Amino acid sequence: MSGPLIDGTTFTLVQVDGAEFTFTLSNVVQNKSIHFTGKSYGGTIKAEGKIYIIPVDNFTTRIEYSFELFGAIGNVIGIFRKKDVVSGTEAR
């Protein structure tokens, strides 16, 4: 990570195959939400993730998470390798 957990901070994820994804944080609200958008392979694969932390009661919190691939190659990967994308996201 390039800095603290605030809007504009960047971070890089390195996939098992060595490909790198650079992400930028946005909509960072402490204990409430964080969004991250990024790209790889010269921007042909783009991704967006959203995490929301929602208090249910004094003892329970619900986490809502979404992740989407798009871009010239990202759309194709999202369609034909959906299981790998979902499995990789949920397993980590």
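Quick caveat: nothing in here was measured; it's all calculated off a predicted structure. Excluded from the calculations below are hydrogen atoms, water molecules and symmetry mates; all remaining heavy atoms, backbone and side chain alike, are included.
- Residue pairs meeting the salt bridge (charged side-chain N to carboxylate O under 4.0 Å, His left out) criterion with at least one member in residues 58-74, sequence neighbours excluded: R62-E64.
- With rounding to the nearest 0.5 Å, the separation of OG1 in T61 from CD1 in I53 is 8.0 Å.
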In a table with atom names and distances, give each donor-acceptor pair under 3.5 Å that connects a side chain of residues 18-32 to protein atoms at least two apart or in another chain.
{"from": "N27", "atom 1": "ND2", "to": "S33", "atom 2": "OG", "distance (Å)": "3.4"}
{"from": "N27", "atom 1": "ND2", "to": "H35", "atom 2": "NE2", "distance (Å)": "3.1"}

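- K46 is linked by a side-chain contact (heavy atoms from CB on, under 4.5 Å) to K39, F70, counting only residues two or more places apart in sequence or in another chain.
- Residues satisfying the side-chain hydrogen bond (donor to acceptor under 3.5 Å, both in side chains) test with T10, not counting sequence neighbours, are S2.
- I6 is linked by a side-chain contact (heavy atoms from CB on, under 4.5 Å) to P4, T9, counting only residues two or more places apart in sequence or in another chain.
- Tracing side-chain contacts under 4.5 Å through hydrophobic residues (I, L, V, M, F, W, Y), one never reaches V14 starting from F67; they form parts of separate clusters.
- Summarising the hydrophobic clusters (Ile, Leu, Val, Met, Phe, Trp, Tyr; side-chain heavy atoms under 4.5 Å, direct or chained), the residues clustered with V56 are none.
- Grouping Ile, Leu, Val, Met, Phe, Trp and Tyr by side-chain contacts under 4.5 Å, direct or through others, puts Y52 with I54.
- Listed by first and then second residue, the salt bridge (charged side-chain N to carboxylate O under 4.0 Å, His left out) pairs involving residues 48-57 amount to none (not counting sequence neighbours).
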